[in-house]
Amino acid sequence: MDTPRKLIAGNWKMNGTAAALAEIAAMADAARDLPPNLTVAVCPPATLIDRARVAAGEGPLIVGAQDVHAEPAGAFTGSVSVEMLADAGAKLVIVGHSERRADCGETNPDVRAKAEAVVAAGLTAVVCVGETEAERDAGDALSVIAGQLDGSLPANATRLAVAYEPVWAIGTGRTPTALQIAEVHAAIRSDLIARYGDAGAATPVLYGGSVKPSNATELLHVDNVDGALVGGASLTAADFLAIVRAAVR
Ligand code: 13P
C-alpha cells in the first residue's frame, strides 16, 4: 500500500492584506529546499489568492482557498466557484471547516458537494472533520467523526486529504493528547481504507488545532498524522516554517 504524502497547509482564515504577501514570498523561498514527498500550502483569503500565487513564484509552495461554492456559476451573491479559484491560481481548497459548519450552517451534504466540485476541477480537497468539546465529553467523538466522514467525503480519493480538527482545540492553545490524536487518526485511516482501498491508505490525514512551533514535533510524529492544518501560526513565515521543518525531522 502507498504511504501518504505529507502535507502542511496554512489556513489564514479572515486575515491578511497585501502587506502580508511578503510572508508568502518568504515561505515560498524556504519551500524550495524541502523534500519532494512534503507538500506545503498556504490558503489566504480569496482576495489574495491571485497575488499570493505571484508572490510564491515558480517554486513548490501551493496556494489554496478556504472555501468554495459547489455550483459552477450563477446567482450566488458573494460566492466564488472552483473555476474562479483555479483561475486565480489555487490548487487546493479547504472544505467543511468547523467555522463554516458552525457559522454558515454547512451540512455534510453541502461539504460533500463542495469536495466533489473541487476534485472534479482537478484541485485537491481538504475535508475537515472534528468533534466539539461536549461531543468528546459525552464519549461521542469517534461516532461524530465517522458520521462526518460518511456524509462529507467525495466518491473517490483522488486529490483528497482529510483534516482532523477538534473544535475545542481551534484557536484555544489546547491540544488533544498524543493518544487521543492517535485514536482518532487510526479510526479515520480505517474508514478511508474501507471506503477507498489502497487510495485510502495513501490519503493524507492532517491534524489541526493549535499547532505551534513548540508542539509541532510531537503532534506531527503521532501515528497516522501525515501533516497539519495550521491556523494562527501560519500567518508568519517564521512560525509556519518552523512547523514545516518539524515535519521533515
Ligand atoms: P489554529 O491553528 O489557530 O488553532 O487554527 C486551526 C484551524 O482551524 C486551521 O484550519
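In this text the structure is predicted, and so the values were computed from the model without any measurement. Just so you know, ligand 1 is whichever comes first in the structure, and atom 1 is the first atom listed for that ligand. Numbering starts at 1 and runs along the sequence shown.
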Trainee: Does Trp12 use its side chain to pair, donor to acceptor, with the backbone of Ser234 at less than 3.5 Å?
Mentor: yes
Trainee: May I ask you to check if ligand 1 and Lys212 share an N or O to N or O distance below 3.5 Å?
Mentor: no
Trainee: Please check whether Gly232 reaches ligand 1 - meaning an N/O of the residue sits under 3.5 Å from an N/O of the ligand, judged on distance alone.
Mentor: yes
Trainee: May I ask you to decide if Ile193's main-chain N or O and Arg189's side chain share a donor-acceptor pair within less than 3.5 Å?
Mentor: no
Trainee: Tell me if a side-chain donor or acceptor on Tyr164 pairs with a main-chain N or O of Pro166 at a distance below 3.5 Å.
Mentor: no
Trainee: For atom 2 (O) of ligand 1, what is the closest protein heavy atom, and at what distance to 0.1 Å?
Mentor: Gly231 N, 2.9 Å
Trainee: Could you tell me whether the side chain of Asp226 and the main chain of Val205 form a donor-acceptor pair under 3.5 Å?
Mentor: yes
Trainee: Return yes if some donor-acceptor pair links the side-chain N/O of Arg112 with the main-chain N/O of Leu153 below 3.5 Å, else return no.
Mentor: yes
Trainee: Kindly say whether Thr236 contributes a backbone atom to a donor-acceptor pair with the side chain of Asp239 at under 3.5 angstrom?
Mentor: no
Trainee: Which of the atoms in ligand 1, numbered in the order shown and given with their element, are less than 4.0 Å from a heavy-atom of Gly209?
Mentor: 4 (O), 6 (C)
Trainee: State the atoms of ligand 1, each with its element, that fall below the 4.0 Å cut-off from a heavy-atom position in Leu229.
Mentor: 9 (C), 10 (O)
Trainee: Tell me if a side-chain donor or acceptor on Arg174 pairs with a main-chain N or O of Ala169 at a distance below 3.5 Å.
Mentor: no
Trainee: Below the 3.5 angstrom mark, is there an N/O of Val230, backbone or side chain, next to an N/O of ligand 1?
Mentor: no
Trainee: Is Arg136 salt-bridged to Asp140, going by a charged N under 4.0 Å from an acidic O?
Mentor: no
Trainee: By number and element, which atoms of ligand 1 are closer than 4.0 Å to a non-hydrogen atom of Lys13?
Mentor: 5 (O), 6 (C), 7 (C), 8 (O)
Trainee: Is it the side chain, the backbone, both or neither of Asn11 that has a heavy atom closer than 4.0 Å to ligand 1?
Mentor: side chain
Trainee: Would you check whether Gly171 has a nitrogen or oxygen atom less than 3.5 angstrom from a nitrogen or oxygen atom of ligand 1?
Mentor: yes
Trainee: Under 4.0 Å from any heavy atom of His97, which atoms of ligand 1 are there?
Mentor: 7 (C), 8 (O), 9 (C), 10 (O)
Trainee: Is any N or O atom of Glu165, backbone or side chain, closer than 3.5 Å to an N or O atom of ligand 1?
Mentor: yes
